[in-house]
Asks: 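I have a structure I would like to understand better, so I am pasting it below and will then ask my questions one at a time.
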2 protein chains.
Amino acid sequence: MRISELSVVSGVPVPTVKFYLREGLLAAGDARAVNQAEYGDEHLRRLRLIRALTDVGGLRLREVRAVLAAIDDELMPLHDLLGVAQYALVRGGPNESHPPADDSGGATSDVDRLLAEMGWHVNAAAPSRRSLAQAIFTLRELRWDVSIDDLVRYARAVDDLAAEEVATVPDHGSRSQIVEHMVVGTVIFEAVLTALRRLAQEHHSARRFAKRPRLANDARR
Amino acid sequence: MRISELSVVSGVPVPTVKFYLREGLLAAGDARAVNQAEYGDEHLRRLRLIRALTDVGGLRLREVRAVLAAIDDELMPLHDLLGVAQYALVRGGPNESHPPADDSGGATSDVDRLLAEMGWHVNAAAPSRRSLAQAIFTLRELRWDVSIDDLVRYARAVDDLAAEEVATVPDHGSRSQIVEHMVVGTVIFEAVLTALRRLAQEHHSARRFAKRPRLANDARR
DNA sequence: TGACACAGATAGTAGCACTATCTACAGTAT
DNA sequence: ATACTGTAGATAGTGCTACTATCTGTGTCA
């Protein structure tokens, strides 16, 4: 497969493919001559993964790069991989410098209490701890009271889901397949979950706030 | 309150506050003289909301503007507001032009089937429909089979949550309070849910993949 | 009265994700 | 042999976003 064909089947413009090559997101093709290279299925697959992570997952290329590096790092233990993927994912990673966010409301300790309540054992440095604390802090700043019980309710809802997701990671197959499964599961199913929550909200919101329930096929806006 | 004080208590630099004023995200202060204006609590509150939406919710300013406009539009029916908020939220709104994404896998009709299965009545033009279909399509492109049953499992997990969220929207208080509640609930709790899912994943992943399970005196539920 | 803060305006910056163009060469069609 | 198209690799430029800097004229307050 030459670069133009790769471009056509993936839907990614040739200059962009070249850009990804330069950026090291995509391995170079098999050079046949000084101006000819051959690309295979693994290139197509990687390209699709990159676009899935950016378009659906909303990752930036820097984050995609970190995830791909973790996928390709044969030495990285499997149980570290999720952490790396998540670290790459969290909004406001090493770049966006959130201020230490004076935690006078005790959002951080609320997170600790929640984890204890749920029996979740999570690395103290897990970036999601900080995101969660930040979100709770922000809610309180907007005068929204969030109790541990509220959080527990949310936590229970995702607990089974997460357990099942982890359980469905295959234990056979090549390492790269397993790893890709975990990453895709983390990133893309997040989009799925978000979309579903919004659909559910719209349904319940319509039932509560709509004056007369419409014929249900009303395309407004 | 003068602009410098507003800046200090909100943690937003003065030039940025000025920028928001220019952009119409923040109402002008009460002018006392040609170079003096007074800002009140509502300015602080609005400023905090802007930062919450951008920092925690990950919205762009254009989207924030749309949400704020909806909040301030006294004529907009309450049950349309969630839609507007969501429309502003969806990745790839009017700007990022996703291709129609040749839906040969039938992701769109799967979404329809799922909605029927759940009994959810959702506007045909709801942007979340498209996001969900896009995510499903992407998963299948990555050779991940997603069944309706899988989706239903996810949907059930968020159904109760969404119902409760909608139920806790107060029916008293000023319109702007109600509206702000809905927006904050949609946007910020999404961040909460995401963080919780990742924490749960990390816990379950550690239990499965860590070589030696730790002392593990964790009574789950 | 003199240092300082402020409003409003214009201009500049940094980061991101591409996109365009150029050169030199290679394969293919005629 | 010659023209044409495609390609690798390099450098430079674009469009967008979210600020950030600086300037001017003015007002406040010690």
Side-chain angles (χ1 to χ4, degrees), chain A residues 1-39 43 47 50-68 88 91-99, chain B residues 1-39 43 47 50-68 88 91-99:
Chain A
M1 207 192 311
R2 282 168 304 173
I3 199 169
S4 58
E5 193 182 346
L6 184 63
S7 166
V8 168
V9 298
S10 66
V12 179
V14 171
T16 305
V17 175
K18 284 187 173 185
F19 171 70
Y20 290 162
L21 289 167
R22 279 202 303 285
E23 292 290 304
L25 295 170
L26 198 59
D30 191 11
R32 303 283 197 220
V34 86
N35 68 337
Q36 213 75 20
E38 183 71 13
Y39 300 89
H43 289 95
L47 200 45
I50 293 168
R51 297 305 275 217
L53 294 178
T54 54
D55 293 351
V56 180
L59 270 66
R60 280 176 281 188
L61 293 190
R62 171 163 15 91
E63 301 162 338
V64 171
R65 203 190 334 272
V67 170
L68 295 178
R91 217 184 295 286
N95 36 325
E96 295 175 45
S97 63
H98 286 293
Chain B
M1 206 190 315
R2 281 168 304 173
I3 198 170
S4 58
E5 192 182 347
L6 184 63
S7 166
V8 168
V9 298
S10 66
V12 178
V14 171
T16 305
V17 175
K18 284 188 174 185
F19 171 70
Y20 289 161
L21 288 168
R22 277 202 304 285
E23 292 291 304
L25 295 170
L26 198 58
D30 191 11
R32 304 284 197 216
V34 87
N35 67 338
Q36 215 73 20
E38 183 73 11
Y39 300 90
H43 288 96
L47 199 46
I50 294 169
R51 297 304 274 217
L53 294 178
T54 56
D55 293 351
V56 180
L59 270 65
R60 279 176 283 188
L61 292 191
R62 173 164 16 91
E63 301 162 337
V64 172
R65 202 190 334 270
V67 170
L68 296 179
R91 219 184 293 289
N95 37 324
E96 296 174 44
S97 62
H98 286 293

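Values below: every heavy atom of this structure, side chains too, minus hydrogens, waters and symmetry copies. Below, chains carry the letters A, B, ... as their sequence lines are ordered, and counting in each starts from 1. It should be emphasised that the depicted structure is a prediction, and the values quoted were computed from it without experimental measurement.
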Asks: Counting only side-chain nitrogens and oxygens, does B:Ser4 get under 4.0 Å of the OP1 or OP2 atom of C:dC6?
Replies: yes
Asks: Roughly how many Å is it from CD1 in A:Ile50 to P in C:dA17, rounded to a whole number?
Replies: 12 Å
Asks: Starting at CG of A:Leu61 and ending at P of D:dC16, how long is that distance when rounded to a whole Å?
Replies: 18 Å
Asks: Answer with base, sugar-phosphate or nothing: what part of the nucleic acid does A:Arg22 contact at a heavy-atom distance below 4.0 Å?
Replies: base
Asks: With DNA chain D as reference, determine whether A:Asn35 or B:Arg32 sits nearer its 5' end, using the nearest nucleotide of each.
Replies: A:Asn35
Asks: Atom CG of B:Leu21 to atom P of C:dA9: distance rounded to whole Å?
Replies: 12 Å
Asks: Quickly work out the A:Glu38 CD to D:dG6 C1' distance and round it to whole Å.
Replies: 14 Å
Asks: So, for B:Leu6 and B:Leu47, which heavy atoms are closest and what is the spacing to 0.1 Å?
Replies: CG-CD2, 3.9 Å
Asks: Taking all heavy atoms of B:His43 and all of B:Leu26, pick out the closest pair and write down the distance.
Replies: O-CD1, 3.7 Å
Asks: What distance do A:Ile3 atom CD1 and A:Gln36 atom CD have between them, rounded to the nearest 0.5 Å?
Replies: 10.5 Å
Asks: According to a strict under-4.0 Å criterion, is B:Tyr39 in side-chain N/O contact with OP1 or OP2 of C:dC6?
Replies: no
Asks: Look at B:Glu5 together with B:Arg2 and state whether they make a salt bridge at an N to O cut-off of under 4.0 Å.
Replies: no
Asks: Once you round it to whole Å, what is the distance between P of D:dG27 and CZ of B:Arg2?
Replies: 16 Å
Asks: From the list D:dG9, D:dT28, D:dA18, which nucleotide is the closest neighbour of the side chain of B:Phe19?
Replies: D:dA18
Asks: Students often get this wrong, so: under 4.0 angstrom with heavy atoms, is A:Ala37 touching a base, only sugar-phosphate, or nothing?
Replies: sugar-phosphate
Asks: Between A:Tyr20 and C:dA17, does any side-chain N or O lie under 4.0 Å from OP1 or OP2?
Replies: no
Asks: Whole-Å distance between C:dC18 C1' and A:Leu47 CG?
Replies: 14 Å
Asks: Just how far, in rounded Å, is P of C:dA5 from NZ of B:Lys18?
Replies: 12 Å
Asks: Out of D:dT7, C:dC6, D:dT20, which has the shortest distance to the side chain of B:Pro15?
Replies: D:dT20
Asks: Heavy atoms from C-beta onward define the side chain here; which of D:dT7, C:dG15, C:dC6 lies closest to that of A:Gln36?
Replies: D:dT7
Asks: Any carboxylate oxygen within less than 4.0 angstrom of a Lys/Arg side-chain nitrogen, looking at B:Glu23 and B:Arg65?
Replies: yes
Asks: Is there a donor N/O on one and an acceptor N/O on the other, under 3.5 Å, for the side chain of B:Arg65 and the base of D:dT17?
Replies: no
Asks: Write down the distance between CD (A:Glu23) and P (D:dA10), rounded to a whole number of angstrom.
Replies: 13 Å
Asks: Is the distance from OP1 or OP2 of D:dA18 to the nearest side-chain N or O of B:Thr16 less than 4.0 Å?
Replies: no
Asks: Would you kindly check whether a donor in the side chain of A:Arg60 faces an acceptor in the base of D:dT17, or vice versa, at under 3.5 angstrom?
Replies: no
